[in-house]
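Read through the structure below, which is laid out as structure tokens, and then see the notes.
Read the numbers this way: they start at 1 and go in the same order the structure lists the ligands and their atoms.
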Amino acid sequence: MRGNNSMKFSLVTEKPTNHKGFGGNVPELSVVVPIYNEVESLPQLLEALASSLSNCQFSYEIICVDDGSTDGSAQFLQQQTLIRSDLRVVILRRNYGQSAAMAAGFNYARGRFIVTMDGDLQNDPADIPMLVSKLEEGYDLVSGWRKNRQDAKLTRLLPSKIANWLIGLVTGVKLHDYGCSLKAYRAELAADMNLYGELHRFLPALAFIEGARITEIPVRHHPRRYGQSKYGLGRTFRVLMDLFTIYFMKRFLTRPMHVFGFFGMVSMILGTALGVYLTFVKLGLGEKIGHRPLLILAVLLLLTGVQLFSFGLMAELLMRTYHESQRRPIYRVREVFEPKVKSEG
Ligand code: UDP
Ligand code: MG
């Protein structure tokens, strides 16, 4: 039983670094590219990556994660592994979305630095060395900032401006451009961040929750040459929803009772006060209270209070399960220094 359980968890958290077929020397830099129906871009993408990275001081690998493409991207990538030594390809069974594809890439990445970028040639591989050298200065995450973003103004740039402002406000991480996929991470940080839904847009915020040192630098951006964007205006709404999640995670992940309990308590106190007042009216003054809206309010407040309170308790239990089942401590260590001299005696 126990064995079974730990298997399940290991599916989520294990780093399959010694996965079959991925032998060879361990590179220093892994470039993770999620690919969903980008077959026309792929030849140029691989070329551009190789030419920018082969001049760079690091040994590198390109990890293309095919996210259930139906246009032959997977087949093309697979063929390329026959002739390229710098390419590893992970093919997902179906389309899971960009976050999942990136999470898969993080899991298979072996480098101590990880760079993510889009597979549609909108990001420029020539910027990668600059991002990585910033990491070397001591940052944990370097985010690209598309200063001259080449996307539709009204449907893309405006919502994105608002979203960036909102995300900055809510998360406390001030970046100009959260949506830029071109980012560089230290591998330890990438391993600490669990991606769900479409949370890849909030990676800097998640990184901030993990205590990362974050910075941004301007990067180039090109219009999409082939294929079409996988997202439309609908994502604005999803970003908003995700923002709530992130806010909650940032503030209350390890102490949910503080938020639910607080509102539950306020609600119960108000309900009780109203109840006491109504009891006084009924018993002390001898008036009827059955027809009073206040009575309904008192009952509603009391019930809501009890519900919120018990929900807070449940959330506390869930939080403990979350941390303990994954052996996930509630803190992150940056470095540990042990004594370098032997103690005497
Ligand atoms: N992508 C993916 N799975 C999806 C949607 C997108 O792997 O379900 C990839 C896509 O192939 C591209 C990157 O994520 O490499 C960004 O997508 P897109 O260029 O459509 O987003 P935009 O640049 O328009 O924000
Ligand atoms: Mg794009």
Side-chain angles (χ1 to χ4, degrees), residues 30-49 62-78 80 87-109 114-125 127-128 143-164 167 175-184 195-204 219-239 242:
S30 302
V31 181
V32 169
V33 195
I35 303 286
Y36 181 48
N37 292 341
E38 311 280 5
V39 74
E40 298 108 316
S41 310
L42 289 178
Q44 278 180 50
L45 176 77
L46 295 179
E47 269 327 298
L49 272 169
I62 305 171
I63 301 185
C64 285
V65 182
D66 179 76
D67 187 18
S69 299
T70 50
D71 67 345
S73 297
Q75 290 74 6
F76 175 82
L77 287 169
Q78 204 180 343
Q80 290 295 304
L87 177 67
R88 297 163 73 206
V89 177
V90 179
I91 297 174
L92 302 185
R93 286 213 177 126
R94 63 167 172 87
N95 177 243
Y96 288 91
Q98 194 179 343
S99 279
M102 284 172 65
F106 283 158
N107 272 346
Y108 281 90
I114 301 179
V115 168
T116 55
M117 63 180 284
D118 280 354
D120 55 2
L121 294 168
Q122 290 200 266
N123 298 134
D124 200 323
D127 289 324
I128 294 178
S143 185
W145 166 19
R146 297 166 292 182
K147 227 171 169 173
N148 278 310
R149 189 169 162 191
Q150 306 289 326
D151 277 320
K153 284 222 160 51
L154 195 64
T155 53
R156 305 297 300 271
L157 269 59
L158 185 69
S160 144
K161 257 222 150 75
I162 301 173
N164 283 320
I167 298 174
L175 292 182
H176 288 90
D177 186 9
Y178 278 84
C180 182
S181 301
L182 184 57
K183 292 191 172 77
L195 287 176
Y196 296 98
E198 294 186 2
L199 288 188
H200 60 270
R201 282 185 210 109
F202 294 90
L203 272 164
V219 295
R220 281 160 269 209
H221 194 244
H222 307 290
R224 209 179 224 284
R225 252 180 268 173
Y226 310 100
Q228 40 183 281
S229 172
K230 312 296 181 289
Y231 303 102
L233 256 182
R235 82 167 133 192
T236 322
F237 174 73
R238 301 199 292 269
V239 165
D242 286 341

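- Under 4.0 angstrom from ligand 1, the non-hydrogen atoms of D67 all belong to its side chain.
- Residue, atom and distance of the protein heavy atom nearest to atom 19 (O) of ligand 1 are D120 OD2, 2.5 Å.
- In terms of distance to the Mg ion (ligand 2), the nearest N, O or S atom of D120 is named OD2.
- For ligand 1, the atoms sitting less than 4.0 Å from at least one non-hydrogen atom of Q122 are 19 (O), 23 (O), numbered in the order shown with element in parentheses.
- What sits closest to atom 1 (N) of ligand 1 on the protein, heavy atoms only, is Y36 CB, 3.7 Å.
- Of all protein heavy atoms, the one lying nearest to atom 10 (C) of ligand 1 is E38 OE2, 3.2 Å.
- Heavy-atom separations between R156 and ligand 1 include at least one value shorter than 4.0 Å.
- In terms of protein heavy-atom proximity, atom 24 (O) of ligand 1 is nearest to S229 OG, 2.6 Å.
- Remark: minimum distance from atom 6 (C) of ligand 1 to any protein heavy atom is reached at K230 CG, 3.5 Å.
- No donor-acceptor pair under 3.5 Å is formed between the side chain of K230 and the backbone N or O of G97.
- D177 pairs with exactly one of R146, K161, R149, K147 by the side chain to side chain donor-acceptor pair (under 3.5 Å) rule, that one being R146.
- The structure places CG of D71 at 13.5 Å from OH of Y226, a figure rounded to the nearest 0.5 Å.
- A distance-only check finds a donor-acceptor pair linking the side chain of N164 to the backbone of H176 [under 3.5 Å].
- A distance of 5.0 Å separates CG of L42 from OG of S73, quoted to the nearest 0.5 Å.
- Rounding to the nearest 0.5 angstrom, the gap separating the OG1 atom in T116 from the NE2 atom in H200 is 9.5 Å.
- The shortest contact between atom 13 (C) of ligand 1 and any protein heavy atom is with D118 OD1, 3.3 Å.
- The closest approach between a heavy atom of R224 and any atom of ligand 1 is below 4.0 Å.
- A distance of 8.5 Å separates OG1 in T70 from CG in N95, rounded to the nearest 0.5 Å.
- The distance from the Mg ion (ligand 2) to the nearest N/O/S atom of S229 is not under 2.8 Å.
- The distance from the CG atom of D118 to the NE2 atom of H221 is 7.0 Å, given to the nearest 0.5 Å.
- Using a 4.0 Å cutoff on heavy atoms, G97 counts as a contact of ligand 1.
- If you look at I35 next to ligand 1, the close heavy atoms, those under 4.0 Å, all belong to the backbone.
- Distances below 4.0 Å separate heavy atoms of G119 from the following atoms of ligand 1: 12 (C), 15 (O).
- Here the side chain of R88 pairs a donor or acceptor atom with the backbone of Y108 at under 3.5 angstrom.
- A donor-acceptor pair is defined here as one N or O able to donate and one able to accept, closer than 3.5 Å; such a pair exists between the side chain of Q122 and the backbone of H222.
- Residue, atom and distance of the protein heavy atom nearest to atom 8 (O) of ligand 1 are N95 ND2, 3.1 Å.
- With hydrogens left out, the protein atom closest to atom 9 (C) of ligand 1 is P34 O, 3.8 Å, a heavy atom.
- Between the side chain of D120 and the backbone N or O of G227, no donor-acceptor pair lies under 3.5 Å.
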